[in-house]
2 protein chains.
Amino acid sequence: MEKTDALNAFSALGQDTRLEVFRLLVKAGAEGMAAGEIAGALDVRQNTLSNNLSILLAAGLVRNEREGRSVRYFADFDGVRGLLAFLMEDCCAGKPELCQPVLDQIACAC
Amino acid sequence: MEKTDALNAFSALGQDTRLEVFRLLVKAGAEGMAAGEIAGALDVRQNTLSNNLSILLAAGLVRNEREGRSVRYFADFDGVRGLLAFLMEDCCAGKPELCQPVLDQIACAC
DNA sequence: TCCATATTTCATGAAATATGGAATTGATTG
DNA sequence: CAATCAATTCCATATTTCATGAAATATGGA
């Protein structure tokens, strides 16, 4: 991952509507959600949402797929993975015990 | 973690200088770096850096500690942990295989 | 083709953010 | 206490970002 990609991703998530959208899609999982559903769930105008979705898309955080008249969006877990890897690059520098707890905690209680 | 904290953290990392600073501190690990060292390493002015450090500080991504005339900064791994946990909240929803790879990747090859 | 639904694109004004210069606070040394 | 080094705060300017409304595009059904 390039620094530019990471910047795009972080600033994409650093905005209220987009963070909500992304977390919603994380919860939706493999089923994803149509743009209209997202707009309804979050009470955001279509054009505003569309613009924010395109920013998340460009940042590699979501994918989309046309489905008839609708466009269905999905959280892109690979994108998050790359982002975290970039952020924590060389974190260990001889001290694995520093970063390991960070990873353990996230072991999302599924 | 509250949504506001997550927004602050993501938008803190969504800016060139701050992302560089944070990654530098991640690499520095437990030793941390003095503000002046960081400014020198990244070729950023004192006041600009100071401002950016205070934003990272408020976002819970770094900690600091006065050391004589200098102020030493450290990456706050707990902050990152909380941020990721928030982002991936309820990611599993019956499909652990979706999010697990995200976490595995971060198992930084130390 | 005509129409309704779903989404995207574009231009605009308002608000937020980044940067640099100058002044200021805090800590150490002589 | 004066001089100096380290970092922060204050302020003005330039830039970027954001939500909005209007218009455009795309799909599916009658």
For DNA chain D, the residues among residues 46-61 of chain A that have a non-hydrogen atom under 4.0 Å from it: A:Asn47, A:Thr48, A:Asn52
Touch class at under 4.0 angstrom, heavy-atom based, for A:Ala39 against every strand present: nothing
Listed nucleotide nearest any side-chain atom of A:Ala35, set C:dT7, D:dA7, D:dG21: C:dT7
Backbone of A:Gln46 reached by a side-chain donor or acceptor of A:Ser50 within 3.5 Å: no
Secondary structure string for DNA chain D (Watson-Crick or G-U under 3.5 angstrom, | for other-strand pairs): ||||||||||||||||||||||||||||||
Test item: A:Arg18 and A:Leu13 side chains (from C-beta on) under 4.5 Å apart, heavy atoms: no
Interatomic distance, B:Ile38 CD1 vs D:dA6 P [rounded to whole Å]: 14 Å
Between P of D:dA6 and CD of B:Glu65, the distance in whole Å: 19 Å
Contact summary for A:Val62 and A:Leu53, nearest pair of heavy atoms: CG2-O, 4.2 Å
Between C1' of D:dT8 and CG of B:Asn64, the distance in whole Å: 12 Å
4.5 Å side-chain heavy-atom contact, B:Ile38 and B:Leu25: yes
B:Met1 to B:Gly82 - nearest heavy-atom pair and separation: CE-C, 3.6 Å
OP1 or OP2 of C:dT8 under 4.0 Å from side-chain N/O of A:Tyr73: yes
N-O pairing of B:Glu31 and B:Arg72 below 4.0 Å: no
Chi angles and distances behind the side chain to side chain contact (heavy atoms under 4.5 Å, CB included) call for B:Asp90, A:Val26: CA-CA 7 Å; B:Asp90 299 329; A:Val26 163; over 6 Å; no
Partners meeting side chain to side chain contact (heavy atoms under 4.5 Å, CB included) with A:Val44 (sequence neighbours left out): A:Thr17, A:Leu42, A:Thr48, A:Leu49
Interatomic distance where CG belongs to A:Asn8 and C1' belongs to D:dT16 [whole Å]: 14 Å
Protein-nucleotide distance (B:Leu7, atom CG; C:dA16, atom P), rounded to Å: 14 Å
Non-neighbouring partners of B:Glu20 that pass side chain to side chain donor-acceptor pair (under 3.5 Å), sequence neighbours left out: A:Lys3
Polar atom pairs (N or O), protein with nucleotides 25-30 of chain C, under 3.5 Å:
none

Closest non-hydrogen atom pair between A:Ala9 and A:Ala59, with its separation: CA-CB, 3.7 Å
Six-ring centre of B:Phe86, A:Arg23 cation under 6.0 angstrom, axis tolerance 45°: yes
Within-4.5 Å side-chain heavy-atom neighbours: B:Phe74 and B:Glu65: yes
Strand contacts (DNA chain C) in residues 9-21 of chain B, 4.0 angstrom heavy-atom criterion: B:Gln15, B:Arg18
Minimum side-chain heavy-atom gap A:Phe22-A:Val80 below 4.5 Å: yes
